[in-house]
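Okay, structure first, notes after.
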Amino acid sequence: MNNISIKKRYKSRSIIAQVAMPTQANPAGNIHGGEIMKMMDNCAYVTAQKHCLQNAVTAAVDEIEFHSPVYVGNLITCTGTLIYTSRSSMLVTIDVVVECLKTGAVTCALTGFFVMVALDASGKPTPVSPLELKSDEDRKIFEEGRLRYEAIKARRKMVCKLQM
Ligand SMILES: CC(C)(COP(=O)(O)OP(=O)(O)OC[C@H]1O[C@@H](n2cnc3c(N)ncnc32)[C@H](O)[C@@H]1OP(=O)(O)O)[C@@H](O)C(=O)NCCC(=O)NCCS
């Protein structure tokens, strides 16, 4: 694979990894949820920005679930995948996989969805290019993303009404 096709292949996906440190944990060695959510947010940002090549900010976070604990010394790997694009917003799914470096055991620890919005140089939402859909599977995931995104938007409208 040459450099150009590598860039195309990975432009809607990003992976970041780090070893969980004692400063991120409670006295029992469990990593704080917020530490991992920060990593997920960072991964969502990288995934969105790689697609739109503009500044991207988090507008909403949906359905973060903690499936299994993460401990000091575990290798945490976040994978961000862009699954849906609207006008200026992008829906990124984040999967967090944790590996125990003593036993080699791998578990899916967290999952979640992030709505990221592309901003222009003046900080205003700006259009992004549509996500390239190459297969029926891509189109199916895109449609699922669209439904989730619409549900998040509907919830936002309801909250805004309640606050008025
Ligand atoms: C996200 C933000 C840029 C949206 O600005 P806005 O003036 O509300 O702009 P709009 O109403 O035109 O929305 C722009 C897009 O964001 C989407 N959006 C904004 N808030 C959203 C939310 N809570 N959930 C889902 N989508 C949202 C809109 O649907 C729209 O999408 P589209 O262009 O694809 O149709 C603005 O609310 C903001 O700056 N928020 C703070 C972001 C931030 O700093 N995050 C870091 C963590 S604090």
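The shown structure was predicted, so the numbers you read here are calculated from the model rather than taken from an experiment. Order of listing sets the numbers, starting from 1, for every ligand and every atom in it. Each residue takes its place number in the sequence, starting with 1.
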With a 4.0 Å cut-off on N to O distance, would you call E143 and R139 a salt bridge?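 The answer is no: the pair does not qualify as a salt bridge.
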
SB check D41 K38 (cutoff 4.0 Å):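 Looking at D41 and K38, the cut-off is not met.
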
Nearest-0.5 Å distance that lies between atom CD in Q49 and atom CE in M116: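 Going from CD on Q49 over to CE on M116, the span is 9.0 Å.
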
Find the distance between NZ (K140) and CG (L133) and round it off to the nearest 0.5 Å. 13.5 Å

I'd like to know if the side chain of H51 reaches the main chain of S129, judged simply by a donor and an acceptor atom lying under 3.5 Å from each other, with no hydrogens or angles considered. yes

Residue contacts for ligand 1, heavy atom to ligand atom, distance under 4.0 Å: V57, T58, A59, A60, S86, R87, S88, S89, V115, V117, L119, P125, Y149, I152, K153, R156

Are I15 and V97 linked, directly or through intermediate hydrophobic residues, by side-chain heavy-atom contacts shorter than 4.5 Å (ILVMFWY only)?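 No, separate clusters.
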
